[in-house]
Amino acid sequence: MRLPLHIQILIALVAGTLIGVLVNPGDVELPDREFESKIALSPAEDGILVSVEEDGIDSLEKVYTRDAFEAAFPSLAGAYQGAKVWVTEPLSVSNRRVHIVEDGKTIAIRYARSYRDEDVVSTTKVKKAADLSDAWQGFYNEHGGGAGRRITIAAKFVGDLFLRLLKMVTIPLIVTSLVTGVAGLGNTSRLGSMFGKTMTYYIATSLLAITTGLIMVNIVQPGVGAELPGSGEAMVPEGEQSLGSIFVGLVDNMIPPNPIQSLANAEFLSIITFSILVGVFIIRTGGKSGEALRTFFNAAFDVMMNLTLAVIRLAPIGVLGFMIFATSTQGLEIFKTLGWYMLAVFLALVVHACVILPLILKFVAKRSPIEYAKAMSPALMTAFSTASSNGTLPLTLNSVEQRAGVSNRVSSFVLPLGATINMDGTALYEAVAVLFIAQATPGFAVTLDQQIIVALTALLASIGAAGIPHAGLVMMAIVLQAVGLPLEAQGIIIAVDRVLDMCRTTVNVWSDSCGCAVLNRFEPAE
Ligand code: ASP
């Protein structure tokens, strides 16, 4: 018997944590040792300049007043007056601590005068051992490395492979899912008046969801002060870009001069518009040609969906890799960070589903939110357990028509398209997750402009996401790319994606259902 995927992921999470904590090669603490100190004293304007060099490793240059000098170096008190020679004797403080911290990307050597944290004298960070100074290289060769380090590096490699696979399926999945979603709408007359209203509802609610997410992530600030493995370098574009120019750029990108080039360059916005257009024109062309392409894209979507699901089935291996990597380099601290992140996503989803959408139901659709939620409960519970809007679609259709009394004309238009395009939960999640990563990335300034770009691209990512489990994770590349954050930073949040996916899919289906109620009011059955 095969265990369900989410159980496998949970097992991988626990196993990865245990292995990571066990191998923990990250922190090699060297035994106390005495360092030979060379101290040079020379008169300075307002005191005495002390230069200390320890084993060629540490150096200190500081001007001391007489009192401070005598307190710091009691054994040298007599040497205050005019000393000019190197003194070779150990300093009065004798404990030394050296830590070698490695995460597969950098080697950091932390050197402290005593056991107190404030006594850290220097931290040297380099990319490879060869970049260390000779003295530190000796240390590193003697104490660094080892099996633990090799496991950490291998674990990161495996996790990264999984991310590459996710990336590999992103574009084919967006294209086939959008073309089939739009082309599946049937005849063009239905594209008419309902299309505009439906799109307005989709975009308005997604933007409301994103705004709620952004407000929540700014309140909870789950990423501030956290360190995510892999979030090392932000690839912030050169120079300041004004919001206006970015917006013009976005609009510009909507019309690709060469769609094939856009596909090759992963220009998501271009790909999304072109795919929607292809879908619309498959319907408009109709006849044999339309039918042929519709069949082709349906088949392609089937295959791509299966491929994506196969990749997702490897998630436990990816999670295992990332958990080993995360806990071996950062210890259990990572769970605190992830906990805050999950809380931010969860609270924002609750606000959107239980406050904003019910208000729309009540005042725009003129329906009782509680009654409507009760009618939709079979679909909502299925969405929660399957984490797939597409998988839930038959039940959503059934509940909306049979239990909530919405006309088939509305539901057969709003729901299939909504399952692909209208994903409030996913949009909100993209915004919170990317800002969380941004907050945790050193040197990345989370400005208002950046947040607006995140909002716009999160909307697009949710439009492009297919209604299958973890699709939101696959789409995150779009948003990360837009603000110049590294894809690797996504690694660790995969571990907790399933739970969040279940919650956001429920919100996705809930928003589609509320859309039906709204449209039903304005487009009553003839
Ligand atoms: N699983 C979600 C859905 O089917 C998409 C996502 O991963 O956000 O609606």
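What you see below is based on every heavy atom in this structure, not just the backbone, and it leaves out hydrogens, waters and symmetry mates.
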Could you go step by step and tell me if Val432 and Met216 meet the side chain to side chain contact (heavy atoms under 4.5 Å, CB included) rule?
-> CA-CA 8 Å; Val432 176; Met216 197 58 80; 5.5 Å; no
Would you mind reporting whether [Y] and [X] have side-chain heavy atoms less than 4.5 Å apart?
X	Y	answer
Phe162	Val311	yes
Ile437	Ile493	yes
Leu178	Thr420	yes
Thr273	Ile255	no
Thr308	Met305	no
Leu263	Val175	yes
Thr386	Thr392	yes
Leu480	Pro486	no

Taking atom [atom1] of [X] and atom [atom2] of [Y], what is their separation to the nearest 0.5 Å?
X	Y	atom1	atom2	answer
Ile421	Met423	CD1	CE	9.5 Å
Thr180	Asp302	OG1	CG	9.0 Å
His470	Leu309	NE2	CG	9.5 Å
Met476	Ile494	CE	CD1	8.5 Å
Phe297	Met304	CZ	CE	12.5 Å
Thr441	Leu485	OG1	CG	5.0 Å

Walk me through it: do Leu500 and Tyr341 pass the test side chain to side chain contact (heavy atoms under 4.5 Å, CB included)?
-> CA-CA 10 Å; Leu500 296 179; Tyr341 155 70; 3.7 Å; yes
Among [options], exactly one meets side-chain contact (heavy atoms from CB on, under 4.5 Å) together with [X]. Which residue is that?
X	options	answer
Leu359	Leu357, Leu361, Val355	Val355
Tyr429	Val507, Val434, Leu349, Leu473	Leu473
Ser511	Ile356, Asp424, Thr506	Asp424

Partner set under side-chain contact (heavy atoms from CB on, under 4.5 Å) for [X], not counting sequence neighbours:
X	answer
Val303	none
Ala155	Ile324
Leu207	Ile203, Ile210, Leu459
Asn265	Gln261, Glu267

Please output the side-chain donor-acceptor pairs of residues 7-17 that fall under 3.5 Å, not counting sequence neighbours, one pair per line with the distance.
residue	atom	partner	partner atom	Å
Gln8	NE2	Leu3	O	2.8
Thr17	OG1	Leu13	O	2.5

Is it true that a side-chain atom of Asn390 and a backbone atom of Ile468 form a donor plus acceptor pair closer than 3.5 Å?
->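 No: the side chain of Asn390 does not pair with the backbone of Ile468.
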Intermediate values then yes/no, side chain to side chain contact (heavy atoms under 4.5 Å, CB included), Leu320 and Val158 | CA-CA 9 Å; Leu320 184 76; Val158 171; over 6 Å; no
Do you know which two heavy atoms are closest between [X] and [Y], and how far apart they sit?
X	Y	answer
His352	Thr205	CE1-O, 3.5 Å
Gly223	Gln439	N-OE1, 2.9 Å
Tyr372	Ser513	OH-O, 2.6 Å
Val414	Gly515	CG1-C, 4.2 Å
Leu428	Val345	CD2-O, 4.0 Å
Ser177	Gly464	OG-O, 4.3 Å

Salt bridge (Lys or Arg N to Asp or Glu O under 4.0 Å): which pairs involve residues 503-518, sequence neighbours left out?
-> Asp497-Arg504, Asp501-Arg504
Start with the C-alpha distance between Ile463 and Tyr202, add both sets of side-chain angles, then the distance that settles side chain to side chain contact (heavy atoms under 4.5 Å, CB included), and finish with yes or no.
-> CA-CA 9 Å; Ile463 290 178; Tyr202 288 166; over 6 Å; no
Should Arg164 and Asp160 count as an ion pair when the cut-off is N to O under 4.0 Å?
-> no
